[in-house]
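Have a look at the structure below before the remarks.
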Amino acid sequence: MTDYCEEQRNELEALESIYPDSFTVLSENPPSCTITVTSEAGENDETVQITLKFTYSEKYPDDAPLYEIFAQLNLEDNDVADIFKLLALQAEENLGMVMIFTLVTAVQEKLNEIVDQIKTRREEEKKQKEKEAEEAEKQLFHGTPVTIENFLNWKAKFDAELLEIKKKRMKEEEQAGKNKLSGRQLFETDHNLDTSDIQFLEDAGNNVEVDESLFQEMDDLELEDDDDDPDYNPADPESDLTD
C-alpha cells in the first residue's frame, strides 16, 4: 500500500533543498507550497517570472496535484494560457511519480522560450521600423511617380482651387467698388467735411473768424486788367512802370 503522506513529505523536503530562495510552505494539511520560477535574463536584463502554487491531492502522486499561478511578472495573457496547458500535459504524463520538480523544470524552460520570443519580436519590430524609416526617406527624395491618372486628379483639384480664388477676388473688388464714394458724394453724405479744416484749426487752438462782408463786396472791386495796357510786356517787368 502506498504511503502518500510519506512520499509527499519527502518531496517537500527535496524541493526546499533544490529551491532554497524561492520555496515557501503555505500549509501542512493539505500540504501546500509555492515556488517562484524566473527566466534567464533577456534583452536589457529583462526577465519574466511566475510563482506557482501546488496543493497535494489526497492520493498524490497517483492523482495530479492542484496548481495555480500565484503571481506573475511580464507575462502576456497568451503566455499564461500556454503555461497552464503545459502543466496539464506534464501532470498527465507523470502520474504515479512525484512530479513537482518536473513541472517546475518544464515551466522554467517555457519562460526561457518566452524571453527568446520577446527578444526576437523586438528585433523584428526594430527592423520593421528601420525599413519603414528608410522607405519614408526614399519617398521624400523621389516623391510620388507621376502617372496620367494622378496628374489629372491634381490638375482638376488645382483648377478648382484657382477658380475659387478668382471668384473671391472678383467679389472683393466688386464690393470695394460699391463702397467707394466720389468727392461730391462724400460732401453730400457728410456735411461736416465743409467745415473740417476750420474745425481742425479750432481744435488746435487757432480761432478763425471769417468776415463775410469782404466777399459780398468783391463785385465792387475794380481790378486792373494788365491786358488793357498797350505798353505792358510780360517779358519786361519794368514795362508797367510809369514815367
Side-chain angles (χ1 to χ4, degrees), residues 11-12 14-26 32-57 60-61 64-95 97-161:
E11 185 180 34
L12 287 173
L15 291 172
E16 186 175 9
S17 63
I18 296 172
Y19 306 106
D21 298 327
S22 61
F23 175 85
T24 303
V25 175
L26 297 180
S32 177
C33 68
T34 60
I35 299 176
T36 300
V37 187
T38 304
S39 71
E40 296 175 356
E43 187 178 3
N44 299 325
D45 294 329
E46 293 181 356
T47 60
V48 293
Q49 189 178 86
I50 192 169
T51 299
L52 301 171
K53 178 183 177 182
F54 297 100
T55 302
Y56 289 121
S57 57
Y60 174 84
L66 302 177
Y67 48 82
E68 60 183 283
I69 295 177
F70 197 71
Q72 60 92 10
L73 177 66
N74 296 331
L75 286 173
E76 302 291 341
D77 291 342
N78 60 314
D79 295 329
V80 173
D82 289 342
I83 290 173
F84 273 119
K85 293 177 182 179
L86 176 64
L87 288 170
L89 178 62
Q90 290 294 320
E92 182 68 23
E93 292 178 352
N94 290 277
L95 287 176
M97 299 178 291
V98 291
M99 65 180 75
I100 302 300
F101 175 78
T102 302
L103 298 181
V104 172
T105 301
V107 171
Q108 176 77 64
E109 293 175 354
K110 181 63 178 177
L111 294 185
N112 292 339
E113 290 179 7
I114 292 173
V115 169
D116 291 338
Q117 292 171 0
I118 292 174
K119 181 179 179 180
T120 301
R121 183 169 63 249
R122 289 182 177 177
E123 288 177 350
E124 291 176 352
E125 291 175 352
K126 182 179 179 182
K127 290 180 180 179
Q128 182 64 26
K129 289 181 179 179
E130 291 175 351
K131 182 178 179 181
E132 291 175 356
E134 184 178 351
E135 291 295 330
E137 187 175 0
K138 288 181 179 179
Q139 190 71 17
L140 182 64
F141 284 100
H142 294 288
T144 303
V146 178
T147 64
I148 295 178
E149 182 180 1
N150 62 27
F151 173 77
L152 293 177
N153 291 336
W154 172 85
K155 184 67 167 55
K157 183 178 179 182
F158 176 79
D159 291 343
E161 292 177 352

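What you see is a predicted model; the values in this text were computed from it and never measured. Residue indices begin at 1 and follow the sequence shown.
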Query - Backbone of Met99 reached by a side-chain donor or acceptor of Tyr60 within 3.5 Å - result: yes
Requested in this report: To the nearest 0.5 Å, tell me how far Phe70 CZ sits from Thr24 OG1.
Outcome: 9.0 Å
Requested in this report: Determine, step by step, whether Leu12 and Glu16 satisfy the side chain to side chain contact (heavy atoms under 4.5 Å, CB included) criterion, reporting the C-alpha distance in whole Å, the side-chain angles of both residues, the deciding distance to 0.1 Å, and the verdict.
Outcome: CA-CA 6 Å; Leu12 287 173; Glu16 186 175 9; over 6 Å; no
Requested in this report: Show your reasoning for whether side chain to side chain contact (heavy atoms under 4.5 Å, CB included) applies to Ile100 and Val104.
Outcome: CA-CA 6 Å; Ile100 302 300; Val104 172; 4.3 Å; yes
Requested in this report: For residues Ile69 and Thr51, determine if any side-chain heavy atom of one lies less than 4.5 Å from a side-chain heavy atom of the other.
Outcome: no
Requested in this report: Output all residues satisfying side chain to side chain contact (heavy atoms under 4.5 Å, CB included) with Val25, sequence neighbours left out; order by chain, then residue number.
Outcome: Phe23
Report task. Look at the aromatic rings of Phe158 and Trp154 and report parallel, tilted or perpendicular, splitting at 30° and 60°. Result -> parallel
Report task. Assess the side chains of Glu113 and Gln117: does a donor N or O sit below 3.5 Å from an acceptor N or O? Result -> no
Query raised in the report: Atom CG in Asn112, atom OG1 in Thr38: separation rounded to 0.5 Å?
Result: 10.0 Å
Report summary line: Here the pair of heavy atoms bringing Glu40 nearest to Gln108 is N-NE2, 4.5 Å
Report task. Search all heavy atoms of Pro20 against all heavy atoms of Ser17 and return the closest pair with its distance. Result -> CD-O, 3.6 Å
Query raised in the report: Yes or no on side chain to side chain contact (heavy atoms under 4.5 Å, CB included) for Phe54 and Leu15, after CA distance, side-chain angles and deciding distance?
Result: CA-CA 12 Å; Phe54 297 100; Leu15 291 172; over 6 Å; no
Requested in this report: Report the C-alpha distance between Gln128 and Glu132 in whole Å, list the side-chain angles of each, state the deciding distance to 0.1 Å, and finish with yes or no for side-chain hydrogen bond (donor to acceptor under 3.5 Å, both in side chains).
Outcome: CA-CA 6 Å; Gln128 182 64 26; Glu132 291 175 356; 3.2 Å; yes
Query - Greater than 12 external heavy atoms within 6.0 Å of Leu152's CG - result: yes
Query raised in the report: How far does CD1 of Ile50 sit from CD1 of Ile114, to the nearest 0.5 angstrom?
Result: 8.0 Å
Query raised in the report: Can you tell me if Ser39 uses its side chain to pair, donor with acceptor, with the backbone of Val48 under 3.5 Å?
Result: yes
Side chains of residues 71-93: which donor-acceptor pairs under 3.5 Å do they make with residues two or more places apart or in other chains?
unit_1, atom_1, unit_2, atom_2, d
Gln72, OE1, Leu75, N, 3.2
Asn74, ND2, Thr47, O, 2.8
Asp79, OD2, Glu76, N, 3.2

**Report entry** Residue pair Lys119, Val115: steps toward the side chain to side chain contact (heavy atoms under 4.5 Å, CB included) verdict
**Finding:** CA-CA 6 Å; Lys119 181 179 179 180; Val115 169; 5.6 Å; no
Query raised in the report: Looking at residues at least two apart in the chain, or sitting in another chain, which of them share a side chain to side chain contact (heavy atoms under 4.5 Å, CB included) with Asn153?
Result: Glu149
